[in-house]
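Notes to accompany the following structure.
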Amino acid sequence: MTIPHMIQPNYYPRGYNVHFAEQFKKELKVPINSVGSIDIEMADRLIGEAKCDMVALVRPVIADN
Ligand SMILES: Cc1cc2nc3c(=O)[nH]c(=O)nc-3n(C[C@H](O)[C@H](O)[C@H](O)COP(=O)(O)O)c2cc1C
């Protein structure tokens with residue numbers, strides 16, 4: 001069942017996919033995006049820590065969750 005991995009339920013930890021971005025960033029020389037249960041403060045921290053180069057926010061932009 002892949003749907004919970006694409007649109008994580010609220011009881012999943014925030015930044016659920018970030019570990020994938022970190023791995024890709026180590027191996028590839030292209031900009032790496034992460035998505036999934038990331039809020040704006042976390043986005044700032046993840047980019048600051050170079051865990052990814054950019055993030056996509058979907059639900060935080062639709063509603064303040
Ligand atoms: C209402 C809704 C519709 C979505 N539709 C798509 C879609 O058509 N294609 C897609 O790749 N992802 C779609 N997604 C998944 C989002 O792109 C995103 O991966 C997911 O919501 C996790 O990010 P978030 O925690 O910032 O919302 C949708 C998500 C929601 C909540």
Side-chain angles (χ1 to χ4, degrees):
M1 183 69 167
T2 57
I3 293 293
H5 295 273
M6 294 189 287
I7 306 174
Q8 298 85 33
N10 286 341
Y11 53 81
Y12 275 31
R14 295 230 172 232
Y16 190 72
N17 293 320
V18 170
H19 64 288
F20 293 121
E22 282 186 86
Q23 283 183 276
F24 282 120
K25 200 157 161 54
K26 285 178 187 157
E27 300 294 331
L28 302 173
K29 301 287 179 220
V30 296
I32 302 297
N33 181 71
S34 187
V35 62
S37 308
I38 297 170
D39 60 26
I40 192 71
E41 290 83 12
M42 188 178 209
D44 191 43
R45 181 169 55 78
L46 293 173
I47 293 169
E49 293 173 351
K51 292 186 173 177
C52 56
D53 299 299
M54 62 186 115
V55 301
L57 305 175
V58 179
R59 287 169 295 179
V61 180
I62 298 172
D64 183 5
N65 62 354

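Counting starts at 1 for both ligands and their atoms, following the listed order.
In this structure, atom 29 (C) of ligand 1 has a protein heavy-atom contact shorter than 4.0 Å. Distances from atom 26 (O) of ligand 1 to the protein include at least one heavy-atom value under 4.0 Å. The presence of a protein heavy atom under 4.0 Å from atom 20 (C) of ligand 1 is confirmed. At a distance under 4.0 Å, no protein heavy atom can be found next to atom 12 (N) of ligand 1. The presence of a protein heavy atom under 4.0 Å from atom 5 (N) of ligand 1 is ruled out. Protein heavy atoms all stay at least 4.0 Å away from atom 8 (O) of ligand 1.
Between the side chain of Asn17 and the backbone N or O of Ser34 there is no donor-acceptor pair closer than 3.5 Å. A donor-acceptor pair under 3.5 Å is absent between the side-chain atoms of Glu49 and the main chain of Leu46, judged by distance alone.
The protein heavy atom nearest to atom 2 (C) of ligand 1 is Ile7 CD1, 4.6 Å. In this structure, the protein non-hydrogen atom closest to atom 23 (O) of ligand 1 is Val35 CG2, 3.5 Å. The closest protein non-hydrogen atom to atom 17 (O) of ligand 1 is Val58 CG2, 3.6 Å.
Between Ile38 and Gly15, the shortest heavy-atom contact is CG1-CA, 4.1 Å. Of all non-hydrogen atoms in Ala21 and Asn33, the two that sit nearest each other are CB-O, 4.3 Å. The heavy-atom pair separating Arg59 from Gln8 by the smallest distance is NH1-O, 2.9 Å.
More than 12 non-hydrogen atoms from other residues, nucleotides or ligands lie less than 6.0 angstrom from OH of Tyr12. The environment of Ile40 atom CD1 is sparse: at most 12 non-hydrogen atoms of other residues, nucleotides or ligands sit within 6.0 angstrom.
The CD atom of Glu22 lies 12.5 Å from the CD atom of Glu27; values are rounded to the nearest 0.5 Å.
Of all the listed residues (Arg59, Gln8, Arg14), Arg59 holds the heavy atom that lies closest to atom 24 (P) of ligand 1.
Considering only heavy atoms from C-beta on, Ser37 stays 4.5 Å or farther from Pro13 through its side chain.
If you number the atoms of ligand 1 from 1 as listed, the ones under 4.0 Å from a heavy atom of Gly36 come out as 22 (C), 23 (O), 25 (O). Counting the atoms of ligand 1 from 1 in the order shown, those under 4.0 Å from a heavy atom of Ser37 are 24 (P), 25 (O). Atoms of ligand 1 found under 4.0 Å from any heavy atom of Pro60, numbered from 1 in the order shown, are 26 (O). Close approach of ligand 1 to Met6 is summarised as follows: ligand atoms under 4.0 Å from at least one heavy atom of the residue are 18 (C), 19 (O), 20 (C), 22 (C).
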